[in-house]
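Notes follow the structure.
Sequence positions, counted from 1, serve as the residue numbers for this chain.
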Amino acid sequence: MAKHWTDDEALVDAVSKNLYDALPRLPRRLIHVDAITRAFEMPFSQIQILCMLSEREMTIGEISMSLGIAKPNITPLLDAMAARGVLERSRSETDHRIVIVRLLQKGQELAGLIQASIAGQVKEWHDDFNLSEVKRLNNALACLVDAASRLSEGEGTDQ
């Protein structure tokens, strides 16, 4: 039987160590999430929902699974966002038990402003990284997003 990459204990240990080391660093050092939450007066969990919905509409179950937050705890987040006029909920036409969540125009605009805010933070890295390092970081982030997307596609379809 052919050896699988997961049999390489050193590789598994290196990847897990890098992920572990990234946990406290990404939201505070690479991107200043606290500055974004303050600037837009929105908790991080709502910003995460906004980012996900800017890509496509989702069910409450998909949002719950993506964030690792129980469905009943998603409802108050969505209520607050709906009160701000950034999203709407509707029942699925094929299964009325399923609630579809989508961004409204105001939500799309807010998502664009948040992305622009992040771009402003990235521009502040000019003295910290050279061009080669930024390109490597961009490629690594693209791989990370792709890996996370592929893993989430394999999760359950409980909506």
Side-chain angles (χ1 to χ4, degrees), residues 14-92 98-156 158-159:
V15 170
S16 63
K17 175 76 168 100
N18 283 329
L19 286 170
Y20 177 82
D21 288 347
L23 287 176
R25 289 175 175 84
L26 291 179
R28 289 197 171 80
R29 297 206 177 95
L30 201 56
I31 297 288
H32 299 284
V33 173
D34 55 334
I36 295 169
T37 60
R38 278 194 313 272
F40 293 96
E41 299 176 344
M42 183 178 272
F44 185 58
S45 54
Q46 290 182 16
I47 290 172
Q48 289 176 296
I49 292 170
L50 191 73
C51 293
M52 289 187 303
L53 292 175
S54 70
E55 297 173 10
R56 65 181 180 87
E57 65 184 31
M58 299 176 77
T59 66
I60 291 178
E62 289 171 325
I63 295 169
S64 169
M65 189 169 293
S66 292
L67 294 179
I69 298 174
K71 285 184 195 179
N73 296 330
I74 295 293
T75 300
L77 298 172
L78 298 178
D79 288 344
M81 295 174 76
R84 283 183 77 158
V86 298
L87 62 77
E88 67 179 358
R89 289 175 280 199
S90 60
R91 297 279 175 186
S92 167
I98 297 174
V99 176
I100 308 292
V101 185
R102 70 183 54 83
L103 286 186
L104 297 171
Q105 182 64 34
K106 185 176 178 181
Q108 290 290 352
E109 291 168 3
L110 184 57
L113 292 172
I114 290 170
Q115 190 168 4
S117 174
I118 292 170
Q121 288 188 25
V122 169
K123 288 178 183 177
E124 292 175 7
W125 298 348
H126 60 85
D127 291 332
D128 299 314
F129 301 102
N130 63 39
L131 178 61
S132 175
E133 291 170 325
V134 171
K135 286 181 177 182
R136 282 183 28 232
L137 176 62
N138 186 51
N139 288 336
L141 289 169
C143 287
L144 184 64
V145 168
D146 180 59
S149 296
R150 288 172 49 196
L151 289 171
S152 68
E153 288 171 6
E155 291 175 349
D158 178 32
Q159 316 273 316

| Identified side-chain contact (heavy atoms from CB on, under 4.5 Å) partner of Val101 from the options Thr59, Leu78, Ile49 | Leu78
| task | Using atom types as modelled and distance alone, determine if a side-chain donor or acceptor of Ser64 lies under 3.5 Å from a backbone N or O of Ile60. | result | no
| remark: Interatomic distance, CD1@Ile74 vs CE@Met58, rounded to 0.5 Å, equals 9.5 Å
| Test log, rule side chain to side chain contact (heavy atoms under 4.5 Å, CB included), inputs Leu110 and Leu103 | CA-CA 10 Å; Leu110 184 57; Leu103 286 186; over 6 Å; no
| Heavy atoms, side chains only, cut-off 4.5 Å: are Thr75 and Lys71 in contact? | no
| remark: Rounding to 0.5 Å, atoms CZ (Arg102) and CG (Leu104) come to a distance of 9.0 Å
| Contact summary for Ser45 and Leu77, nearest pair of heavy atoms | OG-CD2, 3.4 Å
| task | Drop me the distance from Ile47's CD1 to Ile36's CD1, to the nearest 0.5 angstrom. | result | 6.5 Å
| message | Using every non-hydrogen atom in the two residues, find where Leu137 and Trp125 come nearest and quote the distance to one decimal. | response | CD2-CZ3, 3.4 Å
| query | Do you know the tightest heavy-atom contact between Met52 and Ser66? | reply | SD-CB, 3.5 Å
| field | Residues Glu41, Arg84: salt bridge by 4.0 Å N-O rule | value | no
| What's the spacing between Glu57 CD and Glu88 CD if we round to 0.5 Å? | 9.0 Å
| task | Could you check Val122 against Val134 for side chain to side chain contact (heavy atoms under 4.5 Å, CB included), going step by step and ending with a plain yes or no? | result | CA-CA 10 Å; Val122 169; Val134 171; 5.7 Å; no
| query | Quick one: does Gln121's side chain have a donor or acceptor within less than 3.5 Å of a partner on His32's backbone? | reply | yes
| How about Arg91 and Ile100: do any of their side-chain heavy atoms sit closer than 4.5 Å? | no
| task | Compare every heavy atom of Leu50 with every heavy atom of Met42, then report the nearest pair and how far apart it is. | result | SD-CD2, 4.5 Å
| Taking all atoms of both residues into account, what is the closest heavy-atom pair of Asn73 and Pro76, and its distance? | O-CD, 3.4 Å
| request: Specify the closest pair of heavy atoms between Thr37 and Phe44, including all atoms of both residues, with the distance to one decimal. | output: CG2-N, 3.7 Å
